[in-house]
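Letters go in sequence order (proteins before strands), and every chain restarts at 1.
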Amino acid sequence: MPRTACVIAALALALLPAPAPAEEKKTTLVLGMVLEPPGLDPTSGAAAAIGEVTQYNIYEGLTRITAEGTLAPLLAESWTVSPDRRTYRFALRRGVRFQNGEPFTAADVKFSFARAAAPGSTNKEKAVFADIAAIDTPDPATVAITLTRADPNFLFSLGESTGVILEPKSADGDATHPIGTGPFQFESWVKGASITLAKWPGYRDAAAIGLERATFRIISDPAAQTAALLAGDVDAFPRFGALDSLKQFQGDARFTVTIGSTEGKTILAINNKRKPLDDVRVRRAIAAAIDRTAVIDGASNGMGVPIGSHYTPNDPFYIDLTGLSPYDPAKARALLAEAGVSLPLKLTLTLPPPPYARQGGQIVAAELAEIGVEARIETVEWAQWLDGVYKRKNYDLTMISHVEPRDLAIYANPDYYFQYDSAEFRAILDKVGAAADAGERGRWLEAAQRRLAEDQVNAFLYVLPQVTVAKKGVAGLWRNSPIFANDLAAVSWQ
Amino acid sequence: MGGFLLRRCAGFAATLIAASAIVFLVMEVLPGNAAQVMLGPEAPAETVRALTQKLGLDRPPLARYLGWVEGMARGDLGESYAYATPAGDLVAQSLSLTLPLAALAMALNTALGLALGLYAAQHHNRPGDVAIMGMSQIGIALPTFWLAILLILLFAVELGWFPAGGFPGWGGGLWPGLRALILPAVALAAVQGAILARVTRAAALDVMREDFVRTALAKGLSRGAVLRRHVLRNAMIPIVTVLGLQFSNLLVLTIVVENVFSLPGLGHLILNAIANRDLVVVRDVVMLLAAMVVAVNFLVDLLYAAIDPRLSLRGP
């Protein structure tokens, strides 16, 4: 049947991709991301994905958190801090405009911070801004902020996506059409599929920006992430999820794979109010039953740094406390006996959806069985976890990664879902805030880490890795993830 | 005919009301609150309360349900909690993908199923029939998501003919959009087509045993003409019934396929909405799906009458 053959040949030709034109240096980038942000205003929504798209690209704050996790100036060129560490005086960068043409002044800073602290505010870090006693704007390029009490993380908080400066007239529409002072402006959003940003020609340093256009493609399924990279649909995938297929990319000359660190402190959270978990010996027994290496192997393909407290090696004044709770099943059994726990001890282990929890939880349950603790696994979806574990505190054990940077303060809240109530720890944290110099602050930060480890509030396991797979030639992506951001201004094709 | 339509419309409304009540109840029973999910675990309780109030989630369930139904009746599809955009826009955007995808898959399914089924019936118990039935057996057994992954590996990763997933929208012209939908449509149609081929074959074989077929052949009509004019038409009733069921099935399967291909369609939308407890969007999508299924059933009833005029529309 020659006619059929002709049709098939024609179809095949039509399906073949057109030959690629001779390439100049590429100025577009397609980035993969796992979760879609629910809106693009990081000051009203809490999802980390909002910052991954907007932080340092569309919006900027007074300070910047660098790829190394250190602090740098951004919209504030410099600042001074009063001796009691309660008053900050910022000198703002001059000649900055918002993407809608409005000039950036001290009034915008005041507006943004007041908005974050307002009664109806849904800012995730509302507490930071509620602590502001007064904001003075003596001239358009100066802002003086007085806090009700010293906050050692204040400058750091201003560099997070929750502290970005908005333009008053456009602020209410930022969730769907964001306006900031950053190098990229919002172009389009195909819900469920992709978000595209374009270089903003009005940016103060537009000539230094290497990309004309950047598209974030949302790909949740790990197998689809792998396929999209292999097919060349996506140029780079920070926070790559399909760790099982990483070997494939490491052995492929077309790709570079980097493994860095995040702020994700993966812990086996323990309900400190439930009997017999309110006994520190029982919590220590649970911690001693867990072999961190086995958990890291099973949950993150061997990538991840073990931790002994709620603090990561990237954070200032980190001390390695893994030695306080080494893997020692014999000691664990002895501790349980000493605490007078009758075996088998039956507990529930609630596991939210992320793979580290679902896979790591299996290993934890098996290891707990070795010391006579029967952990019954309950898998839940996010909404259920938030409701049952986080809000109602109806759980014994749960595996979860706390991704917020420098969040020791959650242990000062006795109503937090760990239900850890320690006046000593709160006193230590107050001293961190009031410390006069870095040396003193460091000593108290070390004391805080040690206190949590000694009280064994939770079983502290490891820091989640930041795995990035990119095509060869993509340069400037962050290796580590001190905060959730993809700083596109630094990215270019080599 | 008028009575038939009236009865149909009443059934349509009753189905939608029942569906709305069930959806609302299920979402009510599910633990979790949209405000908490949106703000995440680190949000202070006060912030969650503020958002809960803003979204109106603190009102009693009955008031919320009535508000829901009333909004629907007014044609106000409401606003998505999670995206802070009108839910109607979200639904319209995902329909611009799911409808073409479903149409493409149904077309492929029908073409494949009818052609293979009739061929098998015509070559009953000969090698062609055995081969097609063997293939369709495999087709039925294939999980759709697995087939989808295989298709991606072969046609996107190895050959590079199609994108591995994602959807560029229709803004860039017909071909880029269509190109993104071909693999998903094939994945959807393969399993359904296998089922349809078996149904078509069985229905056609039944008719071929009838006397009038023998008569038609005896009076000298060609096999092809008999097949087209007499056999197919008489075998159409079971085929159309199955096609109607397959359409509902297809809508369910798009949830799986859209996930594997990262397509922003209706299935993707409802999956995310459920995870986010985005009640407004869940309601709208479920109502739409229910309406589509009821509408297709209605269409199937009309087709029965068109195929076989003896079937009266007056009903039982």
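- Pairing each heavy atom of A164(B) with each of D233(A), the nearest pair is N-OD2, 2.6 Å.
- Within the 4.5 angstrom heavy-atom criterion, atoms from both the backbone and the side chain of K191(A) approach chain B.
- Both the backbone and the side chain of T122(A) come within contact range of chain B, judged by heavy atoms closer than 4.5 Å.
- Of all heavy-atom pairs between V190(A) and P264(B), the closest is CG1-CG, 4.5 Å.
- Of the atoms belonging to Q384(A), heavy atoms from both backbone and side chain fall under 4.5 Å from chain B.
- Using a 4.5 Å cut-off between heavy atoms, N123(A) touches chain B through its backbone atoms (N, CA, C, O) alone.
- Proximity to chain B is limited to the backbone of S44(A), based on heavy atoms less than 4.5 angstrom apart.
- Contacts between L90(B) and chain A at a heavy-atom distance below 4.5 Å involve the side chain alone, from C-beta outward.
- Neither the backbone nor the side chain of Q225(A) comes within contact range of chain B; no heavy atom of the residue lies under 4.5 Å from a heavy atom of that chain.
- If you measure heavy-atom distances from L229(A) to chain B, you find no contacts under 4.5 Å at all.
- Nearest heavy-atom pair, V260(B) versus A224(A), reported as atom, atom and distance to 0.1 Å: O-CB, 3.2 Å.
- Only the backbone of P37(A) comes within contact range of chain B, with at least one heavy atom under 4.5 Å from a heavy atom of that chain.
- The contact between A227(A) and chain B is made by backbone and side chain atoms together, counting heavy-atom distances below 4.5 Å.
- With D221(A) contributing its side chain and N259(B) its backbone, the two residues share no donor-acceptor pair below 3.5 Å.
- The candidate with the highest count of non-hydrogen atom pairs below 4.5 Å against chain A, out of A148(B), G265(B), P163(B), is P163(B).
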